[in-house]
Amino acid sequence: AELNSKWTLDTFTFFLTHPNLNGAFNPAHRRVYMDMTRPLSHYFISSSHNSYLEGNQLNSASSVKPIVRSLRMGVRVIELDCYDGPRGPEVY
């Protein structure tokens with residue numbers, strides 16, 4: 001499918017929950033193989049701030065492309081902004 005600058009909620013949900021697109025839902029990754037008994041602050045979590053921006057946060061456009069790029073690079077936490085749009089919720 002071609003990447004559009006805006007996805008519907010159904011498209012975004014499909015992307016996040018698809019086992020081939022999101023490793024968290026891959027059945028092969030269900031087995032825990034690390035020590036998960038430590039406090040959360042003891043683990044490194046790859047994350048992204050302003051994940052939807054194509055450039056700097058002051059004057060760049062919003063797009064789904066940077067989110068896809070971040071997820072493909074291994075980021076597991078992304079920031080999304082949700083707004084009430086004229087036709088319903090808009091996620092950036």
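Atom CG of Leu9 sits about 14.0 Å away from atom CZ of Phe14, to the nearest 0.5 Å. With rounding to the nearest 0.5 Å, the separation of OG1 in Thr37 from NE2 in His42 is 10.0 Å. To the nearest 0.5 Å, the span separating CZ on Phe15 from CG on Asn20 amounts to 11.5 Å.
Shown here for Leu71 and Val75, the closest heavy-atom pair between the two residues is CD2-O, 3.5 Å. Of all non-hydrogen atoms in Pro66 and Leu53, the two that sit nearest each other are CG-O, 3.3 Å.
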Inset, instruction - Dump the intermediate steps for side chain to side chain donor-acceptor pair (under 3.5 Å) on Ser60 and Glu54, then the final yes or no. - result: CA-CA 6 Å; Ser60 63; Glu54 292 183 335; over 6 Å; no

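Linking ILVMFWY side-chain heavy atoms closer than 4.5 Å, directly or via other members, places Leu40 and Val77 in a single hydrophobic cluster.
Side chain of Asn56 to main chain of Asn59: a donor-acceptor pair is present (N/O by atom type, distance under 3.5 Å, no hydrogens or angles).
With a 6.0 Å radius and a threshold of 12 heavy atoms from other residues, nucleotides or ligands, Asp84 has its CG atom at or below the threshold.
By the side chain to side chain contact (heavy atoms under 4.5 Å, CB included) test, Thr11 is found to be paired with Trp7, Thr8, residues two or more places apart in sequence or in another chain being considered.
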